[in-house]
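Below: one structure, written as structure tokens.
Note that the coordinates shown come from a computational prediction; the quantities given were computed from them, not determined experimentally.
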Amino acid sequence: MAMNPLTRARWQRFKANKRGYWSTWVFFVLFFLSLFAEFIANDKPLLVEYDNQWYYPIFTQYAETQFGGEFETEADYTDPYVIDLIEENGFIIWPLIRFSYDTINYDIVASVPSAPDNVNWLGTDDKGRDVLARIIYGFRISVLFGFILTIVSSVIGVAVGATQVITVVG
């Protein structure tokens, strides 16, 4: 890719600032990972194998009766009863963090907000929700909002500037 000399000089100056350069890379890696937040932090399994059939709860809703349960409603994969039903005749593959942004952890022995532990790596908030899962989802929403706001304001600014030029010239 050919760059003009001014752009090349600016790029070299930016690369010389190591802290800024690596911070940009860290930001883009974190943003890219946050785009896949449902595969990193979710209260639904990524994959369920039950009675030699494959289920993908992260993409599709399945009734509890499909796993031998009693209810026709969507299976609650955080329920120990449902987990035992599935694990009797199959297995579950979970995301790295077994909580979504709105999942309340009812198994906390300490009072909430709780300190970090093996289950909730950054602890829980005042309602028992996992802080790390909320950061991942919140980071994605905040960055996407910032990008969209920048694009929309740029389009509006260019349009208003163009109409001013047309008004002055015309």
Side-chain angles (χ1 to χ4, degrees), residues 14 17-154 156:
F14 178 69
N17 180 355
K18 297 293 184 193
R19 195 176 321 159
Y21 179 75
W22 288 107
S23 295
T24 302
W25 277 107
V26 168
F27 171 79
F28 281 119
V29 167
L30 290 175
F31 176 64
F32 180 76
L33 289 174
S34 74
L35 293 176
F36 301 98
E38 285 78 14
F39 296 100
I40 297 170
N42 205 333
D43 57 356
K44 294 180 182 179
L46 299 173
L47 182 67
V48 172
E49 191 272 333
Y50 181 77
D51 279 341
N52 295 322
Q53 288 188 329
W54 297 96
Y55 298 92
Y56 306 95
I58 201 164
F59 298 116
T60 308
Q61 294 180 355
Y62 298 105
E64 186 178 308
T65 54
Q66 289 182 286
F67 304 116
E70 301 171 8
F71 299 112
E72 287 290 331
T73 59
E74 181 183 3
D76 179 11
Y77 300 100
T78 60
D79 185 3
Y81 174 72
V82 173
I83 293 172
D84 290 341
L85 283 173
I86 293 171
E87 289 181 344
E88 283 177 10
N89 296 319
F91 62 89
I92 302 173
I93 297 177
W94 289 97
L96 185 62
I97 302 166
R98 289 178 60 168
F99 301 99
S100 186
Y101 65 92
D102 60 349
T103 306
I104 297 173
N105 185 357
Y106 293 107
D107 297 331
I108 301 173
V109 277
S111 61
V112 292
S114 67
D117 58 17
N118 292 341
V119 176
N120 302 103
W121 296 348
L122 293 181
T124 61
D125 66 2
D126 61 339
K127 295 183 181 168
R129 299 172 298 197
D130 187 69
V131 172
L132 182 57
R134 293 178 66 79
I135 287 174
I136 292 169
Y137 282 90
F139 180 77
R140 177 178 66 183
I141 294 228
S142 298
V143 172
L144 286 174
F145 178 77
F147 284 157
I148 291 170
L149 185 64
T150 301
I151 291 168
V152 168
S153 63
S154 296
I156 291 172

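- Between the CZ atom of F36 and the CD1 atom of I136 there is a distance of 13.5 Å, given to the nearest 0.5 Å.
- By the 4.5 Å heavy-atom criterion applied to side chains, D126 and V112 are not counted as neighbours.
- Applying the 6.0 Å contact sphere to CD1 of I141 captures no more than 12 heavy atoms from other residues, nucleotides or ligands.
- Note that CG of L85 is 11.0 Å distant from OG1 of T65, once rounded to the nearest 0.5 Å.
- Between the side chain of E87 and the main chain of G90, no donor-acceptor pair closer than 3.5 Å is present.
- Rounding to the nearest 0.5 angstrom, the gap separating the CD atom in E72 from the CD atom in Q66 is 9.0 Å.
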What do the steps show when you test N42 against I58 for side-chain contact (heavy atoms from CB on, under 4.5 Å), and what is the final call? CA-CA 8 Å; N42 205 333; I58 201 164; 3.6 Å; yes
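- Using a 4.5 Å heavy-atom cutoff, the side chains of Y137 and S34 are not in contact.
- For the atom pair E38 CD and D43 CG, the distance stands at 11.0 Å (nearest 0.5 Å).
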In sequence, state the C-alpha distance, the side-chain angles, and the governing distance for Y56 and L47, and then conclude on side-chain contact (heavy atoms from CB on, under 4.5 Å). CA-CA 5 Å; Y56 306 95; L47 182 67; 3.2 Å; yes
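- Y81 has its ring centre no less than 6.0 Å from the ring centre of F71.
- With rounding to the nearest 0.5 Å, the separation of CH2 in W22 from CH2 in W25 is 8.0 Å.
- Checked for salt-bridge contact, D125 and R134 meet the test: a charged N lies under 4.0 Å from a carboxylate O.
- Side chain of S153 to main chain of T150: a donor-acceptor pair is present (N/O by atom type, distance under 3.5 Å, no hydrogens or angles).
- Take F59 and apply the ring pair (Phe, Tyr, Trp, His ring centres under 6.0 Å) test, not counting sequence neighbours, and it matches F39.
- Residue Y101 qualifies as open at atom OH: its count of foreign heavy atoms under 6.0 Å is 12 or below.
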ring-ring contact (aromatic ring centres under 6.0 Å, His included) between Y62 and Y77: does it pass, once the steps are laid out? CA-CA 10 Å; Y62 298 105; Y77 300 100; 7.8 Å; no
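- Between P95 and I40, the closest side-chain pair of non-hydrogen atoms is not below 4.5 Å.
- Between K44 and W94, the closest heavy-atom pair is C-CZ3, 4.0 Å.
- A ring-centre distance under 6.0 Å is found for F91 and W54.
- In this structure the side chain of Y106 never reaches within 4.5 angstrom of the side chain of T78, judged on heavy atoms.
- Nearest heavy-atom pair across E64 and E70 is OE2-N, 3.4 Å.
- Atom OG1 of residue T124 and atom CG of residue N105 lie 7.0 Å apart, to the nearest 0.5 angstrom.
- Across I97, L96, N120, a single residue satisfies side-chain contact (heavy atoms from CB on, under 4.5 Å) together with L132, and that is I97.
- Residues F67 and Y50 come closest through the heavy atom pair O-OH, 3.1 Å.
- Residues I104 and R129 share a closest heavy-atom pair of CG1-CG, 4.0 Å.
- The two residues F99 and A133 come nearest to each other via the heavy atoms O-CB, 3.5 Å.
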